[in-house]
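Sequence positions, counted from 1, serve as the residue numbers for this chain. Below, all heavy atoms of this structure are taken into account, side chains as well, without hydrogens, waters or symmetry copies. Order of appearance sets the numbers: ligands from 1, and atoms from 1 within every ligand. Predicted model only: the values in this text are computed from it and were never measured.
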Amino acid sequence: MKIPAVNLIYFSPTGTSKKIVKAIGQELGAKQINEFDITPLSFASSENPKIENELSIIAIPVYGGRVPEQALEHLQKFEAKNAPVVLLAVYGNRHYDDALLELKDAVLEIGFTPFGAAAFIGEHSFSIESKPIAVNRPDEADLLKAKQFAEELLLKIKDGEANGFKVCDVPGNVPYKAKGNMPDIAPTTMEELCDLCGMCADVCPVDVINVTDKVVTNAKACIRCCACIKVCSSNARVFDNELIDGIRERLFTNCSERREPEFFI
Ligand SMILES: Cc1cc2nc3c(=O)[nH]c(=O)nc-3n(C[C@H](O)[C@H](O)[C@H](O)COP(=O)(O)O)c2cc1C
């Protein structure tokens, strides 16, 4: 079976959701792959993408058991009609809780038909060398699972094209998991290590970092995605904070046992 085109739509500050959606997208053997990176703030002011009679895959990271708010806002820009979609929640080995259900409900509102979904595991954004959490995931075994998932999707797509796409069930509860109250905290820069290259500001999905002769971060608007930390080749950017240290410690202690991808098709 030849799929003419597939749209890969992803919000992925630290790149793990992107890696998984691309791996699955490539396995589908589509003639054309269109990428929509909905991570940057600038996506909000871009033209509204229209998707009609085309297959899409949407990937988001799980934040507090939910879909990141900015990802939901950016998804609202899509106009979808006759648009079968596969949903991916990528989480840091704790749990995805209600994120897949929230994502499914949101895309149904926009006009997509979610006919398949999966939860994959990515290195936790808060993982550091001394407290590794799902470090280096997705790994080879995860990418093999991505391939298996794509094979199952191809069968489902064939069936959907012949008999119509049916909305899939995903786990989750309503009301969705309550959002935790986070104080205004953000990663900081160790000036002695920083060479002011500006990469942290470039990757920040909420544009809260300003680099002049020093790095200034507006903690109030920070979404704590840790993209700035992961991109910093001088290791100058750190999330050195009591609250985050505590979360990291609990994740390291309670969520180190390897979880595996799950498919819902
Ligand atoms: C603010 C925040 C909240 C998070 N909440 C969860 C969570 O509830 N469960 C979990 O397993 N991982 C959680 N994570 C980890 C991310 O889901 C995980 O690292 C994911 O792979 C990041 O995706 P990305 O690389 O596409 O940005 C959280 C990360 C951040 C930054």
- Query: Is Cys226 near ligand 1, meaning one of its heavy atoms is under 4.0 Å from it?
  - Reply: no
Looking at [X], which atoms of ligand 1 are within less than 4.0 Å of one of its heavy atoms?
X      : result
Val90  : 17 (O), 20 (C), 21 (O)
Asn93  : 11 (O)
Cys225 : 31 (C)
Gly65  : 7 (C), 8 (O)

What protein heavy atom lies closest to [atom]? Include the residue and the distance to one decimal.
atom                    : result
atom 21 (O) of ligand 1 : Thr16 OG1, 2.7 Å
atom 9 (N) of ligand 1  : His95 O, 2.9 Å
atom 31 (C) of ligand 1 : Arg224 O, 3.0 Å
atom 6 (C) of ligand 1  : Val62 O, 3.2 Å
atom 12 (N) of ligand 1 : Gly92 N, 2.9 Å
atom 3 (C) of ligand 1  : Tyr63 CA, 3.4 Å
atom 19 (O) of ligand 1 : Glu123 O, 2.7 Å
atom 5 (N) of ligand 1  : Gly64 N, 2.8 Å

What one should report as the nearest heavy-atom pair of Ile57 and Val21 is CG2-CG2, 3.6 Å
SB check [X] [Y] (cutoff 4.0 Å):
X      : Y      : result
Asp245 : Arg248 : yes
Lys81  : Glu79  : no
Lys177 : Asp98  : no

For Thr217, the side-chain hydrogen bond (donor to acceptor under 3.5 Å, both in side chains) test, sequence neighbours excluded, returns Arg237
Indicate yes or no: does an N/O atom of [X] lie under 3.5 Å from an N/O atom of ligand 1?
X     : result
Pro13 : yes
Tyr91 : no
Thr14 : yes
Ser12 : yes

Contact region, Ile121 to ligand 1, non-hydrogen atoms below 4.0 Å, reads neither
So for Ser17 against ligand 1, with non-hydrogen atoms under 4.0 Å, the contacting part is both
[X] vs [Y] aromatic rings, parallel, tilted or perpendicular, using cut-offs 30° and 60°?
X      : Y      : answer
Phe43  : His74  : tilted
Phe239 : Phe126 : perpendicular
Phe11  : Tyr63  : perpendicular

When Asn82, Asn7, Asn34, Val85 are each screened for side chain to side chain contact (heavy atoms under 4.5 Å, CB included) with Ile51, the one that passes is Asn7
Intermediate values then yes/no, side chain to side chain contact (heavy atoms under 4.5 Å, CB included), Val167 and Lys104: CA-CA 9 Å; Val167 175; Lys104 175 184 158 180; 3.6 Å; yes
Min over Gly180, Ala119, Ser127, Ser125 of heavy-atom distance to atom 29 (C) of ligand 1 lands on Ser125
**Report entry** Flag if over 12 foreign heavy atoms under 6.0 Å of CD, Glu129
**Finding:** no
Here the gap from Ser130 atom OG to Glu249 atom CD, rounded to the nearest 0.5 Å, amounts to 9.0 Å
